[in-house]
Amino acid sequence: MNKAKSFFIKSFGCQMNVYDSNKMKDIFVSHGMQSTNYYQDADYIVLNTCHIREKATEKTYSDLGRVHKKGKNDHKIIVAGCVAQAEGELIQQRAPYVDLVLGPQSLQLLDTYLSDKNSNLKTMTEFDAIDKFDTLKRFKSHTDSKSSFVTIQEGCDKFCTFCVVPYTRGSEYSRSIPDIIEEVKKLSELGVIEVTLLGQNVNAYHGPDVSGKERGLSYLINKISELDKIKRITYSTSHPNNMTDDLIELHGTNSKLMSCLHLPVQSGSNKILKLMNRKHTREFYFEVIDKLRKHKSNIALSSDFIVGFPEEDDKDFQDTMDLIHHVGFMNSYSFKYSPRPGTPAADREQIPLKIQDDRLKIMQTTLDQQQIDFNKKFLSKRLDVLISSSGKFKGQVKGKSEFNQSVAIPGNPNIIGDIVPVQITDISVHSLIGKAEV
Ligand code: 5AD
Ligand code: SF4
């Protein structure tokens, strides 16, 4: 009997790429192939790439060179994701050995490619979200995880001046509610009890319900909560301008909604927010946070920040630091501004790297301290933890609290999938240690 062919997928960047990688996995499995963790053994190597910052993009090319050289004979290389979308032609020039280039909304064509040995597919970068989701739902999902991502919305119409997403993922598209419910139901039958609803602008979600009536994110979340097997729901990434009152109120009324929210503000300076085309002020962001805390006083907030955006001076940076102190975050991501070709801010005069580095260091020290302070509050306290996998060390399992903190405890893998009451005994910046309460 012939040995089954194998595939290796490496996912870069955001959670939406992780979702897409899982879907590509389902397609490979439907062709009788097996997953391998080693690209050296793989017949098909997929790099699912990220274009958000220059560093991420360059990583694609260095990885491509390596897998091409060290992969086994006759392997096929597929570049998927946002670099594929943005640089399709360039990839073929810089890495002519690449067999297939698939943009994020063309990844369903992987099935066509695998079905037809003589396929002449080469560079597929159409924007067709409808076809993508319609095709993908034909493939059986495979997961042994208790927690799953579900993309409900794709693309962005906001055009922040630093961001490539509107160009790589296209304009906003919301999947229909019946489609999403069907996918979540199938996942719950496979054992999934926690879902993270994904979209580049997830809270701008506006999909049709069974009768074709357009509904927002809060309606969808309530519908998903009606599924008994689903115990926890969260969503990412949101824009402050789409935090509608009904969604804010839901944080106080829907007990399945996790007590955390990722709400990127990028900058605390009104001048920079304007130059970024964020279309809101710092005062508006504070108002949203105040309203959220009125409905859910202990909600854990996280954000993304960009330092060194063109024209950011010391006062602007101080405004951002002031916003960070004012709000208090549990966990945040901060980046140096990276000019992206084709975006409006890329042509502006850039801030010297040394200034960017210094500002980033100051910001990250403060954000880490805030995370430690947040975690410290839970020392000796009880947290319900959804145990999702084995831990880093033998005899350990780990999972997430309702505040999205990573928690590790001594325990047997047979409790994976349970929500376990845990007493917190130790903390670090990025995780908590505890023991199961008996
Ligand atoms: N430079 C630096 N950071 C960026 N991000 C998006 N585009 C850029 C860029 N050009 C950051 C934003 C966004 C996160 C996903 O990546 O903070 O929220
Ligand atoms: Fe990019 Fe988010 Fe702005 Fe859309 S809202 S352009 S995805 S940063």
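In listed order, ligands and their atoms are each counted from 1. All values reported here derive from a predicted model rather than from experimental measurement.
Ring orientation note: the planes of Phe378 and Phe403 are tilted relative to one another, at an angle of 30° to 60°. Aromatic ring orientation, Tyr19 versus Phe133: tilted (interplanar angle from 30° to 60°). Ring-plane geometry between Phe28 and Phe7 is classed as parallel, the angle between the planes falling under 30 degrees on a 0 to 90 degree scale with a further cut at 60.
Heavy-atom proximity to Phe162, at under 4.0 Å, picks out these atoms of ligand 2: 8 (S).
Distances shorter than 4.0 angstrom do not occur between any heavy atom of Met276 and any atom of ligand 2.
Using modelled atom types, one finds a donor on one side chain and an acceptor on the other under 3.5 Å when comparing Ser431 with Ser428. Lys158 and Asn201 are linked by a side-chain donor-acceptor pair at a separation below 3.5 angstrom, with hydrogens and angles left out of the test. For Gln369 and Asp373, the side-chain atoms include at least one donor-acceptor pair closer than 3.5 Å.
A heavy-atom distance below 4.5 Å is found between the side chains of Lys70 and Tyr39.
Of the residues listed (Glu87, Glu89, Glu58), the one engaging Arg94 in a salt bridge (Lys or Arg N to Asp or Glu O under 4.0 Å) is Glu58, and it is the only one.
Contact check on Lys229 versus Glu194 returns no salt bridge, with no Lys/Arg side-chain nitrogen under 4.0 Å from an Asp/Glu carboxylate oxygen.
Protein nitrogen, oxygen and sulfur atoms, that is N, O or S, within less than 2.8 Å of atom 4 (Fe) of ligand 2 amount to 1.
Other residues, nucleotides and ligands place no more than 12 heavy atoms under 6.0 Å from the NZ atom of Lys223.
Taking a heavy-atom cut-off of under 4.0 Å, ligand 1 is surrounded by Ile52, Arg53, Phe162, Gln266, Asp304, Ile306, Phe335, Lys336, Tyr337, Ser338, Arg340.
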